[in-house]
Structures are given as structure tokens and as C-alpha cells.
A.B. asks: 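Structure below; questions to follow.
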Amino acid sequence: MDENHFIAKKGTPIPFTAFWEAPSNIALIKYWGKTAPQIPKNPSLSFTLSSSVSQTEVFFQPSKLGKFDFTFYFEGIPKPDFKPKLQTFFKRIESYIPWIHGFELIIKSKNTFPHSSGIASSASAMAALALCLMDMETQLFPSMETDFFHQKASFLARLGSGSAARSIQGPVTVWGENKIFSKASNLYALPFGEELHPVFSTYQDAILLVDKGTKAVSSSQGHDLMHQHPFASQRFSQAVTNLEALTSTMKAGDLDTFVDVVELEALSLHAMMLTSNPYFILIKPNTLAIIEKIREFRVSQKVPICFTLDAGANVHLLYPLEFKAQVNTFIEEELAVFCEKGQYLLDQVGEGAKKCNFV
Ligand code: PMV
């Protein structure tokens, strides 16, 4: 299947309001390195989150001048400074949704999690917007199948932010061609499937907020640095090897191997950042202090907790639901002290995006 599969017909604009909520996700096998247009250099796999979501309403109005335009509000406030990024997104996707030209849009979005919290808001926001667009497309062309709806929503979201492709469905999704998931695609993400061991559909993610400052390097700059990175090709093949190992362990429910692979991936992502030219160091002393504590707790308590990192200093602490009470006490007593203002967020793996009801 290629991109042409996702080109819709033109359509007669009708007024409509779409309202969707989409979760963020945290990668276990990391996507770092891409070619245009948002084609990943290696496959990635992530946990879809549950409470960390973007909620987006889009009011579609037939345009009086027949010209596409939009206004964007974030948390109730008009945000003209977000417009250029969204304009780039609409330019990238317009050939797949040619019906958009007859519309003027009002887009209102908000997040349930704080800004710069180590939760990828671009993933949830782009996924929620893509779902609103697909909801409109379903009104115009009602015979659409559910699989196509999800795949095209993921395809459009990917063109806004690569990792957003993985924020449509849950509890675990895979994006990028590979030999293990024969149906996986570079164009959109798919769910892991029924072979996922049940322990992973209720996995917990505590996000430890080490540093709430904005990132020193954007993910686009990071992806770009992989083009001339001396270890790039080894990294891309390592991700494939790690995906194979992780997939078997996520079918078998083998938590020891899960811990090993997830932590190796997190540190490999940061190793790429540490060894790019120019290099950048996103982890902080408290990130390392938390990692040390997690390792000690795992050994002393024999509880299979592990960490992963996004492109930032905050730590995602992952653990099975059955250890929730014990791990939450550990966080409060031993890890919160390393967090900015003692702050952390408790989330868990979720089922994916939902259509919201109007109140
Ligand atoms: O979706 P982007 O372009 O913001 O890149 C995301 C990169 C990481 O979050 C570091 C890894 C990933 O796979 O989500």
C-alpha cells in the first residue's frame, strides 16, 4: 500500500463539529532518525497512555470565499504563534483531504497534563486533530471502514509529528516496516495485536518530573543530527534487534527481558544525543540519581520495575499493576525528592483515542 491509498475525493462542505480526545504515548523502542516526509529510519513500538490526553474540538464551517483558513485556541486562548506549525501540517496533508479547501476551521485544544512534563504533547495533539479531520471525512463519505479510519488518522497524525502516528490506538502500537509484524507500515502505526500478554495492557507509567524547563533541542533537530551521525547505521539495526527481543518478551510476559531491552533502548537514544555533533545532554544529575534508585529497588525488592526516557530529563517509571501500591510508596519516599517541586504524574497504559460527547 502506498500514500495514494489515502487520497480522498473532493466533497461538498457541510457544517459539522468534531470532538476527540487522543492520548500521548511513550516509546519503548525509540524512533530517532527519519527521512522526508516523516518516514522513520527504524521501526518503533510504544505504550499508549491513558490519562495524559489532548482534547480537541474542530468547528467546520463552509467557507464563504471558498478558501481554506483556520484559527487555533489553546486552553481557551487564541494562539496565532501556533499557526505556522499547523499551516505546515495542513500543507503536508491537503492532497490527502482535498475536501478541506471548502472549509474554515475553528480548532480548540487542551491537554490534561502540564506543559513540558516529559509527555509528548505534539503526539496527542496531532492525533486528536487528525481524528477530528477523519470524523469530518466520514460525514462526507459515510461508507468508510473502521480500519481505514484508524490507519488514515494515524497516517495524517504522522505527518504532523512522527510519533503521533502511535497515538490513535492502544494499548501497544508498532510503527515502521519490519519483519516481525508483517503488516507494519512506515506510513501509519498498527496495534500490537492479540498476542500481547495481558500484563502489558494494565502496565503503569509514573512520570517523574526532574526538569520542567523546555527542551534545549527540538526533536526535529535531533532527528536531523542522525543524518551524519557516526553510529547511525548501527543504531538503526540495534533498534530492529531490540524490537525482535521485545516483541517475544511482550508475547510471553517475560518481565526480566522486558526490563533489559526497555532500559537499553532509553540509554541508546540518549547515547545518540551524547555522541552527535554538536552533542547535547538532556539528562540531568537527578535523572541519573533516579535511575540508580530504580536499579537498587529492583534488585533489593525483586520487583520488575524499569525506566525509560523521552528526549528530555524526566523519567518514565514502568511497572506491572500488581506492584502499584509498593511502587507508589517507593516513589513518594525515595524518588519524589529528585523531582522538581516533588512533582510526578501517575498514568497507565490505555486503549487509545475516543470520540468525546458534547456537554
Ligand atoms: O515525533 P517526534 O518527531 O517528536 O519524535 C519523537 C522522538 C522520541 O520521542 C524521542 C522517541 C519516540 O519514538 O517517541
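Atoms within each ligand, like the ligands themselves, are counted from 1 in listed order.
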A.B. asks: Going by distance only, is there an N or O of Ser122 that falls short of 3.5 Å from an N or O of ligand 1?
C.D. replies: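 No: no nitrogen or oxygen of Ser122 is under 3.5 Å from one in ligand 1.
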A.B. asks: Do Gln348 and Gln204 meet the criterion of a side-chain donor-acceptor pair at a distance under 3.5 Å?
C.D. replies: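 On atom types as modelled, these side chains qualify, holding a pair under 3.5 Å.
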A.B. asks: Suppose I only count heavy atoms of Ser163 and a 4.0 Å limit; which atoms of ligand 1 are within that range?
C.D. replies: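 Those atoms are 1 (O), 2 (P), 6 (C), 14 (O).
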A.B. asks: Relative to the heavy atoms of Trp32, which atoms of ligand 1 are at a distance of less than 4.0 Å?
C.D. replies: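 Atoms satisfying the 4.0 Å criterion: 7 (C), 10 (C).
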A.B. asks: Is it true that the side chains of Arg166 and Thr48 contain a donor and an acceptor less than 3.5 Å apart?
C.D. replies: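 No, no side-chain donor-acceptor contact under 3.5 Å.
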A.B. asks: Taking only heavy atoms of Gly162, which atoms of ligand 1 are found under 4.0 Å from at least one of them?
C.D. replies: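 Going through ligand 1 atom by atom, the ones under 4.0 Å from Gly162 are 1 (O).
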A.B. asks: Which option wins on minimum heavy-atom distance to atom 2 (P) of ligand 1: Gly222, Ser219, Ser220, Ser121?
C.D. replies: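 The nearest heavy atom belongs to Ser219.
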A.B. asks: Could you tell me whether Lys354 and Glu21 make a salt bridge, using a distance below 4.0 angstrom between a side-chain N and a carboxylate O?
C.D. replies: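 Yes.
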A.B. asks: Looking at Phe72, Tyr73, Phe70, Phe89, which hits ring pair (Phe, Tyr, Trp, His ring centres under 6.0 Å) with Phe82?
C.D. replies: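 Per the ring pair (Phe, Tyr, Trp, His ring centres under 6.0 Å) rule, the option paired with Phe82 is Phe72, out of Phe72, Tyr73, Phe70, Phe89.
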A.B. asks: Show every donor-acceptor pair shorter than 3.5 Å between a side-chain atom in residues 119-132 and any protein atom, with sequence neighbours excluded, or say none if there are none.
C.D. replies:
residue: Ser122; atom: OG; partner: Ser161; partner atom: OG; Å: 3.4
residue: Ser124; atom: OG; partner: Ser54; partner atom: OG; Å: 2.7
residue: Ser124; atom: OG; partner: Ser121; partner atom: O; Å: 3.3

A.B. asks: Can you name the side-chain contact (heavy atoms from CB on, under 4.5 Å) partners of Lys41, sequence neighbours left out?
C.D. replies: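 Only Thr35, Phe236 meet the side-chain contact (heavy atoms from CB on, under 4.5 Å) criterion with Lys41.
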A.B. asks: At a 4.0 Å threshold, what atoms of ligand 1 neighbour a non-hydrogen atom of Ala27?
C.D. replies: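 Those qualifying, in numeric order: 12 (C), 13 (O), 14 (O).
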A.B. asks: Would you indicate which of Glu265, His223, Met272 comes nearest to atom 5 (O) of ligand 1 when only heavy atoms are counted?
C.D. replies: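 Shortest heavy-atom distance from atom 5 (O) of ligand 1: His223.
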A.B. asks: Could you say whether the N/O atoms of Arg166 and ligand 1 ever approach to under 3.5 Å?
C.D. replies: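 Arg166 vs ligand 1: N/O contact under 3.5 Å present.
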A.B. asks: Contact between ligand 1 and Lys34 is defined here as a heavy atom of the residue under 4.0 Å from a ligand atom; is it met?
C.D. replies: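 No, Lys34 has no heavy atoms under 4.0 Å from ligand 1.
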A.B. asks: Test side-chain contact (heavy atoms from CB on, under 4.5 Å) on Tyr279 and Met273; report intermediate values, then the result.
C.D. replies: CA-CA 6 Å; Tyr279 66 81; Met273 301 171 186; over 6 Å; no
